[in-house]
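Structure record follows, encoded as structure tokens.
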Amino acid sequence: KIAESTVNYYTYLASKLYPLANEVMNKITPEDINAFIAEADLSASNKAKVYKFLKILFGAARKNNLILENPMDIAIVPEYEPEYDEPFTPEEIKLIITKLKNTPKFLRYYALCSLESVIGARIGEILGIERSTLNFEKNYCKIKDAVKADINGRTYVGKTKTKASVRIQYFDVGIGKILQDYLAAGNGGSKYLFCTANGTPISVRNMQRAWKMILKHANVRYRSFHYLRHSFITTNKYALRRQDKVLEIAKSAANIYNIA
């Protein structure tokens, strides 16, 4: 079954094809395709996906003799190379968390980023953690939902990316104390561990915006929040090679090698 978020994403991309919808397919030229993709309000990554979609669409039309020539045969392929960056170093993560702890403006994110640094959850997963899943005797939380956005940008809580993503995530006593202090400070009426002043889950978009400000404040080079997950995976891979605390790492990283 295709995840709802995946359906929403490709529905969004399909909506970007509307300018071509009223054109007669047999009259669309390579120049039309080039101009359409160049002018589309899309990222380089999404332009590449639209190009691939059009290539499949026009290829099928030509195969079934619905068009005489396939404009995609000579249309310009959008330039796009996936960007990969280095994970955050342990020193950078320590600096970020220290800055959060010592800056009242960002204190609300101190517990969130501290937990993220040791469980490596996807951004929607950590925002969707419910308080009822916390166990401070055994020091774990359960990830079973994820905060997402629908095609109109509205925030909702849905299923995790895959069934295997539903899991128990362990943390140490120190993180447990940070979380307990955070809970004691307020927002006790919400079912979500991390929430807005109204008790609703923090949206992914708002967390991404906050993350940019956090890194700027800490004077750490920008990488997306997702790179905290990469950092967690990298650290645990090294630890597993050294056979350090294998059982604890295995528990917390049980799902982590199926990288998004």
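Listed here is the closest heavy atom pair of Lys148 and Lys159: NZ-O, 2.6 Å. In terms of heavy-atom proximity, Ala218 sits nearest to Leu95 at O-CD2, 3.5 Å. Annotation for Lys138 and Tyr170: closest pair O-CD2, 3.8 Å, computed over non-hydrogen atoms. Of all heavy-atom pairs spanning Val147 and Pro201, the tightest one is CG2-CB, 3.8 Å. Nearest heavy atom pair, residue Phe232 against residue Val118, reads CE1-O, 2.9 Å. When all heavy atoms are compared, the tightest approach of Phe171 to Cys141 is CE2-N, 3.7 Å.
Side-chain contact between Thr29 and Pro71 is absent, with no heavy-atom pair separated by less than 4.5 Å. Contact annotation: the side chain of Ile97 approaches that of Tyr110 to within less than 4.5 Å [non-hydrogen atoms, C-beta and beyond]. Using a 4.5 Å heavy-atom cutoff, the side chains of Lys16 and Tyr12 are in contact. Using a 4.5 Å heavy-atom threshold, the side chains of Leu68 and Asn26 count as touching. The side-chain heavy atoms of Leu134 and Leu183, taken from C-beta on, include a pair separated by under 4.5 Å. With a 4.5 Å cut-off on side-chain heavy atoms, Leu54 and Leu17 count as touching. With a 4.5 Å cut-off on side-chain heavy atoms, Asn46 and Tyr9 count as touching. Two residues are said to be in side-chain contact when any heavy atoms from C-beta on lie closer than 4.5 Å; His230 and Ser224 fail this criterion.
For the side-chain contact (heavy atoms from CB on, under 4.5 Å) criterion with Ile214, the lone passing option out of Thr103, Val220, Leu100 is Leu100. Partner of Trp211 under the ring-ring contact (aromatic ring centres under 6.0 Å, His included) criterion, out of Tyr227, Phe225, Tyr222: Phe225 alone.
Within a 6.0 Å radius of CG in Asn219, other residues, nucleotides and ligands contribute 12 heavy atoms or fewer. Counted within 6.0 Å of CG on Asn102, heavy atoms from surrounding residues, nucleotides or ligands total more than 12; the atom is thus considered enclosed. Taking a 6.0 Å sphere around NZ of Lys49, one finds it holds more than 12 heavy atoms contributed by other residues, nucleotides or ligands. Atom CD of Glu86 has 12 or fewer neighbouring heavy atoms from other residues, nucleotides or ligands inside a 6.0 Å radius.
Here Cys113 contributes atom SG and Lys101 contributes atom NZ; the two are 14.5 Å apart, rounded to the nearest 0.5 Å.
Hydrophobic clustering, with ILVMFWY side chains joined whenever heavy atoms are under 4.5 angstrom apart, groups Met25 together with Phe36. Tracing side-chain contacts under 4.5 Å through hydrophobic residues (I, L, V, M, F, W, Y), one never reaches Ile28 starting from Ile74; they form parts of separate clusters. The cluster map of Ile, Leu, Val, Met, Phe, Trp and Tyr, joined by side-chain heavy atoms under 4.5 Å apart, puts Tyr80 and Leu42 in different clusters. Phe88 and Met213 fall within the same hydrophobic cluster, defined by Ile, Leu, Val, Met, Phe, Trp and Tyr side-chain heavy atoms under 4.5 Å apart, directly or through other members. Hydrophobic clustering of Ile, Leu, Val, Met, Phe, Trp and Tyr side chains at less than 4.5 Å, counting indirect connections, unites Tyr10 with Phe53.
Under the 4.0 Å criterion applied to side-chain N and carboxylate O atoms, Lys161 and Glu125 are not assigned as salt-bridge partners. Residues Arg221 and Asp85 are paired through a salt bridge, judged by an N-O separation under 4.0 Å between the basic side chain and the carboxylate.
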- List the steps and the verdict of side chain to side chain donor-acceptor pair (under 3.5 Å) for Ser165 and Thr162. CA-CA 5 Å; Ser165 299; Thr162 65; 2.9 Å; yes
- Apply side chain to side chain contact (heavy atoms under 4.5 Å, CB included) to the pair Asp172 and Asn139, showing each step before the final yes or no. CA-CA 6 Å; Asp172 61 30; Asn139 291 320; over 6 Å; no
- Message: Run Ile202 and Arg108 through side chain to side chain contact (heavy atoms under 4.5 Å, CB included) and show every step you take.
- Response: CA-CA 12 Å; Ile202 300 170; Arg108 61 182 298 198; 4.0 Å; yes
- Item | Residue pair Leu115, Gln169: steps toward the side chain to side chain contact (heavy atoms under 4.5 Å, CB included) verdict | CA-CA 10 Å; Leu115 179 61; Gln169 291 277 198; over 6 Å; no
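Within the 3.5 Å criterion, the main-chain N or O of Thr89 finds a donor-acceptor partner in the side chain of Glu92. Side-chain atoms of Arg229 come within 3.5 Å of backbone atoms of Gly120 as a donor-acceptor pair (strictly under, hydrogens ignored).
With sequence neighbours left out, the side chain to side chain donor-acceptor pair (under 3.5 Å) criterion links Lys177 to Asp181.
Note: Phe194 and Tyr182 have tilted aromatic rings, judged against thresholds of 30 and 60 degrees for the angle between ring planes. Ring-plane geometry between Tyr109 and Phe106 is classed as tilted, the angle between the planes lying from 30 to 60 degrees on a 0 to 90 degree scale.
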